[in-house]
Amino acid sequence: MSGEFWITLVDTADIVGFTMTFCVNIVLLGLLRTRGKNLGTYKYLMAFFSVFSIFYAIIESILRPIMHIENATFFLISRKRFNYSTRLGKINSAFYCACFATSFVVSGVHFVYRFFATCKPDLLRLFNMPYLLLWPLGCSIPVTMWASVSYFLYPDTEYTEAAVSNVLKTHYNWIKKENVSYIAYVYYQYDENGVKYVYIKNLLGCFVHYFVMSMTFVVMFYCGYATWRTMNEHKEVSNKTRQLQSQLFKALVLQTLIPSIFMYAPTGVMFIAPFFNIDLNANANFIVFCSFLYPGLDPLILIFIIRDFRQTIFKFICRGKKNSVDESRSTTRANLSHGATS
């Protein structure tokens with residue numbers, strides 16, 4: 001499919017995803033404040049993720065990323081909304097990469113909390129003050145690794161300048177080179193004699209990305225499985241506690257599927273395709289399409305899985321419909337009464 005088609009689709013996903021992310025997360029924050037008493041400190045973790053999702057959606061909307069894979073190279077291209085230097089553009093792209101990595105890391109922390117709550121309740125103290133302050137510090141390590149690699153190991157060269165210019169001219173000819181910033185993940189290239197030249201630094205950077213992704217996925221899988229096994233083995237907890245644990249676990253299962261489909265799988269393709277010299281070209285923008293929608297889908301799961309949240313939403317909707325019907329009936333009666341007197 002053409003670059004024009006994908007840009008139209010991505011820009012539409014940007015509008016839809018930003019609106020959904022903002023509205024859904026605001027609703028979730030309101031529900032956490034009014035109906036989150038039984039969630040303990042977990043509600044603060046959920047609130048942080050909601051605030052981060054809104055922030056992430058804003059960053060994506062500002063940078064308007066394009067992703068393109070061609071000639072063993074993955075291009076992350078940001079369309080500038082205003083003019084700024086090449087260096088600032090590089091920093092912006094690296095910051096976007098940091099936000100991208102944060103979504104992986106925070107999802108893993110969700111699973112760690114549920115694992116502690118179900119399997120190691122004595123370790124829940126690590127989510128209380130002052131230990132709670134250590135979690136952002138710990139999460140910042142892999143995020144900083146991801147961003148630093150993106151900024152330092154993928155410098156702009158004559159080859160990347162020519163390559164990104166060719167990509168824009170061939171697939172996105174209405175976008176001018178001076179109106180974009182980019183990071184080019186060049187895996188290897190062939191010289192004039194057909195000899196392959198491998199970019200070791202670039203491959204090392206990709207290894208760091210894979211390492212961060214793999215570790216968060218392993219944490220999610222292990223904690224999720226251990227939580228499920230413990231819940232099936234221990235039946236002595238109160239029915240109310242068990243119901244809440246079951247609801248949160250169902251939410252986490254779906255919160256595994258959603259990022260797997262919308263984050264892990266596309267990102268895996270993003271890094272693997274150039275290695276095998278698979279030219280996805282503009283079709284690589286399906287990764288951007290998924291990333292725009294993800295921040296709004298994830299909290300939607302929590303709202304409809306956790307019973308108190310779901311019932312609150314349904315009651316609000318039903319109350320609104322009832323008020324609308326009552327108002328309509330009152331208007332009808334008033335009109336009939338006015339007609340009878342006249």
Side-chain angles (χ1 to χ4, degrees), residues 56 59-60 62-80 84-105 140-172 175-191 196-216 263-264 266-285 287-288 291:
Y56 181 40
I59 295 299
E60 280 195 311
I62 292 174
L63 296 181
R64 300 184 298 168
I66 301 172
M67 295 187 183
H68 192 93
I69 298 176
E70 184 176 311
N71 295 329
T73 303
F74 163 66
F75 298 92
L76 171 60
I77 303 171
S78 300
R79 292 170 285 168
K80 297 178 181 178
Y84 46 78
S85 67
T86 301
R87 183 178 181 183
L88 181 57
K90 195 85 169 180
I91 292 173
N92 289 341
S93 296
F95 184 71
Y96 170 72
C97 291
C99 293
F100 195 75
T102 301
S103 61
F104 290 118
V105 175
S140 67
I141 295 174
V143 171
T144 303
M145 287 171 56
W146 189 299
S148 298
V149 161
S150 300
Y151 183 81
F152 291 108
L153 295 188
Y154 301 97
D156 298 344
T157 64
E158 290 184 9
Y159 172 77
T160 61
E161 285 286 306
V164 76
S165 296
N166 181 66
V167 165
L168 293 174
K169 182 179 179 180
T170 306
H171 300 276
Y172 316 97
I175 302 177
K176 296 181 180 180
K177 170 69 168 56
E178 59 268 22
N179 293 331
V180 303
S181 59
Y182 71 92
I183 295 176
Y185 292 69
V186 185
Y187 285 40
Y188 53 84
Q189 67 178 104
Y190 293 92
D191 62 18
K196 181 189 290 187
Y197 178 78
V198 179
Y199 288 81
I200 301 298
K201 285 199 309 181
N202 292 13
L203 291 179
L204 176 62
C206 291
F207 172 78
V208 172
H209 292 334
Y210 272 124
F211 178 77
V212 173
M213 283 179 55
S214 300
M215 288 301 98
T216 56
M263 294 290 285
Y264 282 98
T267 305
V269 171
M270 177 177 78
F271 289 121
I272 291 174
F275 185 81
F276 292 101
N277 201 18
I278 300 174
D279 289 344
L280 294 179
N281 298 317
N283 294 319
N285 281 295
I287 303 166
V288 183
S291 69

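Everything numeric here is computed off the predicted structure, so don't read it as measured data.
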Legend entry - Closest non-hydrogen atom pair, Gly268 against Tyr210: O-OH, 3.8 Å

Legend entry - Where Ser181 and Ser93 come nearest, the two heavy atoms and their spacing: OG-OG, 3.7 Å

Inset, instruction - Quick one: list whatever passes ring pair (Phe, Tyr, Trp, His ring centres under 6.0 Å) with Tyr96, sequence neighbours left out. - result: none

Legend entry - Beyond-backbone contact of Phe104 with Met215, side-chain heavy atoms, under 4.5 angstrom: no

Inset, instruction - Verify the distance criterion only: is there a donor paired with an acceptor across the side chains of Tyr56 and Ser291 at less than 3.5 Å? - result: no

Legend entry - Side-chain (Tyr199) to main-chain (Leu204) donor-acceptor, under 3.5 angstrom: no

Legend entry - Distance (rounded to the nearest 0.5 Å) between Thr86 OG1 and Tyr84 OH: 10.0 Å

Inset, instruction - Indicate yes or no for a side-chain donor-acceptor contact from Thr216 to the backbone of Met213 under 3.5 Å, with no hydrogens or angles considered. - result: yes

Inset, instruction - Mark yes or no for whether Tyr154, through its side chain, and Asn202, through its backbone, hold a donor-acceptor pair below 3.5 Å. - result: yes

Legend entry - Side-chain (Asp279) to main-chain (Asn71) donor-acceptor, under 3.5 angstrom: yes

Legend entry - Heavy-atom pair with the smallest gap, counting every atom of Ser140 and Thr144: O-OG1, 2.6 Å

Inset, instruction - Find out whether Glu70 and Thr170 are in side-chain contact, i.e. whether some heavy atom of one side chain is under 4.5 Å from a heavy atom of the other. - result: no

Inset, instruction - Starting from the C-alpha separation in whole Å, work towards a yes-or-no answer on side-chain contact (heavy atoms from CB on, under 4.5 Å) for Ser148 and Val208. - result: CA-CA 10 Å; Ser148 298; Val208 172; over 6 Å; no

Legend entry - Close side-chain approach of Leu203 to Tyr187, heavy-atom, < 4.5 Å: yes

Inset, instruction - Measure the spacing between OG1 of Thr267 and CE of Met67 and express it to the nearest 0.5 Å. - result: 7.0 Å

Inset, instruction - Kindly give the heavy-atom pair with the smallest separation between Ile69 and Met270, and that separation in Å. - result: CD1-O, 3.9 Å

Legend entry - Any Ile175 side-chain heavy atom under 4.5 Å of Ile66 side chain: yes

Inset, instruction - Would you name the heavy atoms of Tyr188 and Pro274 that are closest together and state the gap between them? - result: OH-O, 3.9 Å

Legend entry - Nearest-0.5 Å distance that lies between atom CD1 in Ile183 and atom CG in Leu153: 10.5 Å

Inset, instruction - Indicate the atoms forming the closest heavy-atom contact of Val105 with Pro142, along with that distance. - result: CG2-CG, 3.9 Å

Inset, instruction - With the side chain counted from C-beta on, respond yes when Phe152 and Lys90 share a heavy-atom pair under 4.5 Å apart, and no when they do not. - result: no

Legend entry - Spatial distance of atom CG (Asn179) from atom CD1 (Ile77) [nearest 0.5 Å]: 12.5 Å

Legend entry - Test item: Thr160 side-chain N/O and Asp156 main-chain N/O as donor-acceptor pair under 3.5 Å: no

Inset, instruction - Flag yes if more than 12 heavy atoms outside Lys177 fall under 6.0 Å of its NZ atom; otherwise flag no. - result: yes

Legend entry - Close side-chain approach of Val167 and Tyr182, heavy atoms under 4.5 Å: no

Legend entry - Side-chain heavy-atom pair Leu280, Val269 within 4.5 angstrom cut-off: yes

Legend entry - Expected output: side-chain Arg79 to main-chain Leu63 donor-acceptor under 3.5 Å: no

Legend entry - Parallel, tilted or perpendicular, as decided by the 30° and 60° cut-offs, for the rings of Phe74 and Phe271: perpendicular

Legend entry - Side-chain donor/acceptor of Ser214 to backbone N/O of Phe211, under 3.5 Å: no

Inset, instruction - Might you confirm whether atom CD of Glu158 has over 12 heavy atoms from other residues, nucleotides or ligands at distances under 6.0 Å? - result: no

Legend entry - Gap separating the CE atom of Met145 from the NE2 atom of His209, nearest 0.5 angstrom: 10.0 Å

Legend entry - Mutual orientation of the aromatic rings belonging to Tyr172 and His68 [parallel < 30°, tilted 30-60°, perpendicular > 60°]: perpendicular

Inset, instruction - Go through the side-chain N and O atoms of Tyr185 and Ser150 and say whether any donor and acceptor fall under 3.5 Å apart. - result: yes

